[in-house]
Amino acid sequence: MKIAIVGPGGIGSTFAFQLARAGHEVTVVARGKRLEQLERDEAIVTAAGERAAVRVSAALDATTSWDLVLVTVLASQVDAVLPALAASAARTVMFMFNTFEPLGRLRDAVGPERFAFGFPSILASLDDAKLTSKIVTRGLLTTVTDAAWAKVFADAGIPAVVHPDMESWLRTHAALVAPVMVAFVTSHARQAGVSWAEAMSLARAMEEGLRLVRQLGNTITPEPVAVMSRLPAPVLATFLWTSSRLEAMRKAGAAGPGEPRSLIDAMAAAAPGQTPALLAIRP
């Protein structure tokens, strides 16, 4: 298949690597230093020295009938690429990023007949342009709206499942992970874990976010997260306190505060004046 990936950071590069290795014709659309590196390598290169050949472009070719355009930019960056996506001849446009906003705007931008959404269960980073990634193969797998693409991803080594209510899934995930991200950003900045008082504040913010999801008419989903949402704040705080002390988790905080800040802002905008605990942890 002809697949374009817009935004080859850690997640996009993992998909590019796996899909190219599975035999698909993959083009990565990048900019800046990442574009320069990819143009030199003409491949996704892993920290272990593995290579998967890809094509490289500075812009999405609007005339190519892409089987899939996979969009793995941040939610705050998507508006910049929407015109190119809308104008493209792609058969399917799948957005894949954290968001709390309703999905209707994106669906309308590219057309409901070719709109898809997904979320990756992948931990990935680029260090000196070399990819390190861990694909989750058990438990909470990569989740998408389209069964055909779930199979393509699974066949390429990224196990995926389909969820019928992706908006509820994404809002639940945002409420859950925004405080977790803040914990990692904080621990990365100080090179030490969060305090117990900070962990409790983060846990209360998580509870508030999950209440907001229900208030907006969405469902807490999937079931393992629904179970977690019923845990008392001290248990959630213990999880946050402990995970902020793990080196791998602390490293994730190197991405900075932009993403958790935008998620918190979106939750606050959805319920003005009703998210004091979330705003209190906003980095």
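- For S244 against G193, the heavy-atom pair with the smallest separation is OG-CA, 3.4 Å.
- Look at K33 and E39 and you find no salt bridge, because none of the NZ, NE, NH1 or NH2 atoms lies under 4.0 Å from a carboxylate O.
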Going through the distances and angles, do H173 and N98 end up as a side-chain contact (heavy atoms from CB on, under 4.5 Å)? CA-CA 8 Å; H173 186 264; N98 261 323; 2.9 Å; yes
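- In this structure, the separation between CD on Q77 and CZ on R31 is 5.5 Å, given to the nearest 0.5 Å.
- Of the possible donor and acceptor atoms, one in the side chain of T46 sits under 3.5 Å from a partner among the backbone N and O of E50.
- The two atoms that bring T14 and A124 nearest to each other are OG1-CB, 3.6 Å, heavy atoms only.
- Panel note: side chain T64, backbone W66; no donor-acceptor pair is recorded below 3.5 Å.
- K251 has a carboxylate O that lies under 4.0 Å from a charged side-chain N of D127, or vice versa, which qualifies the two as a salt bridge.
- Remark: D61 does not engage K2 in a salt bridge, criterion side-chain N to carboxylate O under 4.0 Å.
- To the nearest 0.5 Å, atom OG1 of residue T142 and atom CD1 of residue I11 are 8.0 Å apart.
- Scanning both residues, A178 and I264, for their nearest heavy atoms gives CB-CG1, 4.2 Å.
- Shown here for L212 and A271, the closest heavy-atom pair between the two residues is CD1-CB, 3.5 Å.
- A salt bridge is absent between D265 and R261; no separation between the charged side-chain nitrogens and carboxylate oxygens falls under 4.0 Å.
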| request: Show your reasoning for whether side-chain contact (heavy atoms from CB on, under 4.5 Å) applies to I5 and V29. | output: CA-CA 6 Å; I5 296 179; V29 180; over 6 Å; no
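- Rounding to the nearest 0.5 Å gives a distance of 12.0 Å between CG of D146 and CE of M166.
- Considering all non-hydrogen atoms of both residues, E167 and L103 come closest at OE1-N, 3.1 Å.
- Annotation: side chain of I44 is in contact with side chain of L38 (closest heavy-atom distance under 4.5 Å).
- Between F119 and F95, a ring centre-to-centre spacing not shorter than 6.0 Å is recorded.
- Contact of the V227 side chain with the P224 side chain is not registered, since no non-hydrogen atoms from C-beta on lie closer than 4.5 Å.
- For the pair R91 (side chain) and S65 (backbone), a donor-acceptor distance under 3.5 Å is present.
- Once rounded to the nearest 0.5 Å, the distance linking CG of L236 with CG of L202 reads 10.5 Å.
- Side chain of S262 to backbone of E259: a donor-acceptor contact under 3.5 angstrom is found.
- Side-chain contact of T221 with H163: a donor-acceptor pair under 3.5 Å is present, judged by distance alone.
- Between the side chains of Q18 and R21, no donor N or O sits under 3.5 Å from an acceptor N or O.
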Can you list the steps and then say if R250 with F184 is a side-chain contact (heavy atoms from CB on, under 4.5 Å)?
-> CA-CA 5 Å; R250 186 179 299 165; F184 295 166; over 6 Å; no
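- Counting heavy atoms from C-beta on, the side chains of L176 and M228 come closer than 4.5 Å.
- Residues S195 and M200 are not in side-chain contact: their nearest non-hydrogen atoms beyond the backbone lie 4.5 Å or more apart.
- Between the side chain of R171 and the backbone N or O of F100 there is at least one donor-acceptor pair closer than 3.5 Å.
- Under the 3.5 Å distance criterion, the side-chain polar atoms of E208 are matched with a main-chain donor or acceptor of L278.
- To the nearest 0.5 angstrom, T143 atom OG1 is 11.5 Å from F117 atom CZ.
- Residues F15 and I122 are in side-chain contact: their nearest non-hydrogen atoms beyond the backbone lie under 4.5 Å apart.
- Between S121 and R138, the side chains place no donor N or O within less than 3.5 Å of an acceptor N or O (distance only, hydrogens not considered).
- Q37 contributes no side-chain N or O that, together with a main-chain N or O of A129, makes up a donor-acceptor pair within less than 3.5 Å.
- Between L60 and L85 there is a side-chain heavy-atom pair separated by less than 4.5 Å.
- Inspection of the Q215 and Q274 side chains reveals an N or O donor paired with an N or O acceptor under 3.5 Å.
- By the criterion of side-chain heavy atoms lying less than 4.5 angstrom apart, applied directly or through intervening Ile, Leu, Val, Met, Phe, Trp or Tyr residues, L35 is grouped together with I3 in one hydrophobic cluster.
- What you find for I220 and T172 is that their closest heavy atoms are CA-OG1, 3.5 Å.
- Checked by atom type, the side-chain pair E198/S201 shows no donor-acceptor distance below 3.5 Å.
- Side chains of R34 and S13: a donor-acceptor N/O pair is present below 3.5 angstrom, by distance only.
- The shortest distance between side-chain heavy atoms of N218 and W169 does not fall below 4.5 Å.
- Of the inter-residue distances, the one linking L19 atom CG with F153 atom CZ reads 6.0 Å to the nearest 0.5 angstrom.
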